Amino acid sequence: CLLGFYVRLLRFWSKIGLSMQLVPKLTGPVKKYLLKREDALRCIIELWISEIEAAKGDGRKRANFLNVPVAEEVTIKSEDEEEDSDFEIAITGSRRHSKTKFKKSDVKTLLVDLYGSKETFLKEYENYLAEKILHFKHVDVSDEQKNLNLLKQNMKNSSNLSRCNILMNDVEVSRQLTHGFNNSQLSFLIVSKSFWPVNYDAESFALEALPVNAALQGFLGFYKQKEAGKTLLFHPNLGQVELELLLNSRKLDVTCQPIHAAIIAEITANDGVELSVLASKLQADPEYIKGKVGFWTRAGVVIEERDKD
């Protein structure tokens with residue numbers, strides 16, 4: 001990947017020595033491009049963690065340091081004046097003396113610095129972790145916990161990861177409650193309000209329209225018994241539904257949003273339905289429902305017919 005190419009460039013110039021003064025000009029465009037990419041943080045975290053694991057696997061007690069330029073100075077000096085630092089590279093031949101100052105840095109630090117400050121990196125990591133758990137079904141919780149532990153071990157300000165601890169605790173509590181409820185059709189993620197990137201003002205629909213609503217209500221009662229004094233609210237816009245549809249004698253496995261499941265359930269139960277009636281049953285804006293129906297029309301499952309009037 002491009003991020004790995006960036007790190008290899010730094011390693012290459014670190015070994016060359018005299019060419020290190022060219023690093024800011026040659027890697028500058030790469031850095032700017034990396035930071036514009038939406039997947040930059042994910043790639044940084046993956047490479048960051050791989051560096052940690054590689055160091056542990058090789059039995060390295062000390063990090064693999066690189067000499068990285070931090071500033072360039074131009075001064076007027078006499079030719080017989082000597083340099084006073086092992087981490088300065090000078091170009092002489094005239095009274096104008098150009099030198100680049102360097103600092104020792106390992107790859108992990110370089111990756112964090114690439115994204116910004118350590119505080120910004122940790123904050124974005126928390127958002128990355130929360131969104132990954134919220135929007136992707138196949139998340140290996142043990143792997144995520146392992147990554148979090150590695151970050152704590154290698155970050156001086158690991159207390160800044162307190163929000164991550166809450167996220168992972170929510171995941172574990174959710175797993176226990178799901179197991180205790182003992183319904184093979186449902187899996188729950190109970191999140192602590194204000195700690196997850198959930199838009200509580202997002203347009204939604206009536207939960208009663210879902211075929212599994214009875215089971216959801218059963219879980220509400222179960223939760224009240226287990227977590228007395230706490231309130232549980234379902235967020236219909238989040239989560240995933242796995243459906244098995246029969247279409248012209250052909251089985252179709254679909255993973256979709258809850259709103260898509262509610263729509264197809266109403267359409268199949270009534271052998272078609274008008275948009276206004278569908279929106280009324282789902283207690284949602286017709287334009288919002290029309291946009292969501294598009295999921296099924298694009299998949300070739302539903303055909304939209306216009307009124308003949």
Side-chain angles (χ1 to χ4, degrees), residues 130-141 170-171 174-175 177-191 196-225 231-309:
E131 291 179 1
K132 184 176 181 181
I133 295 173
L134 277 177
H135 299 294
F136 294 87
K137 179 185 175 185
H138 301 293
V139 174
D140 192 321
V141 177
D170 284 350
V171 171
S174 300
R175 186 192 64 80
L177 289 171
T178 297
H179 180 74
F181 187 57
N182 195 26
N183 186 313
S184 59
Q185 290 185 315
L186 298 173
S187 178
F188 298 93
L189 175 62
I190 297 94
V191 303
W196 295 75
V198 176
N199 182 5
Y200 295 96
D201 297 324
E203 194 164 10
S204 189
F205 66 100
L207 204 62
E208 293 78 13
L210 284 174
V212 294
N213 180 56
L216 295 179
Q217 298 307 314
F219 183 78
L220 276 177
F222 171 78
Y223 182 83
K224 288 180 180 179
Q225 292 178 352
T231 302
L232 182 65
L233 298 175
F234 287 111
H235 201 283
N237 282 344
L238 294 175
Q240 289 182 326
V241 180
E242 292 182 351
L243 299 175
E244 184 179 288
L245 304 176
L246 287 177
L247 183 64
N248 297 328
S249 301
R250 180 170 58 94
K251 187 177 75 170
L252 186 65
D253 294 321
V254 180
T255 300
C256 60
Q257 298 174 6
I259 181 62
H260 299 141
I263 289 172
I264 200 64
E266 287 292 334
I267 293 175
T268 54
N270 298 280
D271 194 23
V273 63
E274 292 183 3
L275 178 62
S276 59
V277 175
L278 180 60
S280 177
K281 287 189 175 182
L282 298 181
Q283 300 178 27
D285 182 81
E287 289 300 317
Y288 170 72
I289 297 300
K290 183 177 180 180
K292 295 299 181 179
V293 169
F295 173 84
W296 294 113
T297 57
R298 289 189 296 271
V301 175
V302 171
I303 297 175
E304 186 177 357
E305 295 182 347
R306 297 187 180 276
D307 293 335
K308 296 180 180 180
D309 297 339

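Numbers here are sequence positions counted from 1. Please read these numbers as outputs of a predicted model, since none were measured by experiment.
- Judged purely by atom type and a 3.5 angstrom limit, N248 has no side-chain atom pairing as donor or acceptor with the backbone of R250.
- Residues A279 and P286 approach most closely at CB-CA, 3.8 Å, considering heavy atoms.
- In this structure the side chain of L233 never reaches within 4.5 angstrom of the side chain of H235, judged on heavy atoms.
- The side-chain heavy atoms of N237 and V198, taken from C-beta on, include no pair separated by under 4.5 Å.
- With rounding to the nearest 0.5 angstrom, the CD1 atom of I263 is 10.5 Å from the CG atom of L210.
- In this structure, the side chain of S280 does not engage the main chain of V277 through any donor-acceptor pair within 3.5 Å.
- Atoms CG and CD, on L134 and Q240 in that order, are 11.0 Å from each other to the nearest 0.5 Å.
- Side chains of Y288 and L282 form no contact here, defined as non-hydrogen atoms less than 4.5 Å apart.
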Checklist entry - Hey, mind stepping through W196 and D170 against side-chain contact (heavy atoms from CB on, under 4.5 Å) and telling me if it holds? => result CA-CA 10 Å; W196 295 75; D170 284 350; 2.9 Å; yes
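- The CD1 atom of I303 sits 11.0 Å away from the CD1 atom of I267 when rounded to the nearest 0.5 Å.
- The backbone N or O of V302 lies less than 3.5 Å from no partner atom in the side chain of T297, so there is not a single donor-acceptor pair.
- Residue L216 holds its CG atom at 9.0 Å from CG of N183, rounded to the nearest 0.5 Å.
- Applying the side chain to side chain donor-acceptor pair (under 3.5 Å) test to pairs two or more places apart or on separate chains, those with a residue in residues 200-222 are N213-Q217.
- For the pair L177 and F219, the minimum side-chain heavy-atom distance is below 4.5 Å.
- The structure places NZ of K251 at 8.5 Å from CG of L246, a figure rounded to the nearest 0.5 Å.
- Expressed to the nearest 0.5 Å, how far OG of S276 lies from NZ of K281 amounts to 11.0 Å.
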Next on the checklist: Test side-chain contact (heavy atoms from CB on, under 4.5 Å) on F188 and Y223; report intermediate values, then the result.
Outcome noted: CA-CA 11 Å; F188 298 93; Y223 182 83; over 6 Å; no
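- The closest donor-acceptor contact from the side chain of W296 to the backbone of H260 lies under 3.5 Å.
- Applying the ring pair (Phe, Tyr, Trp, His ring centres under 6.0 Å) criterion to F205, with sequence neighbours excluded, gives no partner residue.
- Contact check for V171 versus L189: side-chain heavy atoms found under the 4.5 Å cut-off.
- Counting heavy atoms from C-beta on, the side chains of E244 and L252 never come closer than 4.5 Å.
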Item to check | Step-by-step side-chain contact (heavy atoms from CB on, under 4.5 Å) determination, F295 to I264 | outcome: CA-CA 10 Å; F295 173 84; I264 200 64; over 6 Å; no
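- Looking only at side-chain heavy atoms (C-beta outward), L278 and V293 come within less than 4.5 Å of each other.
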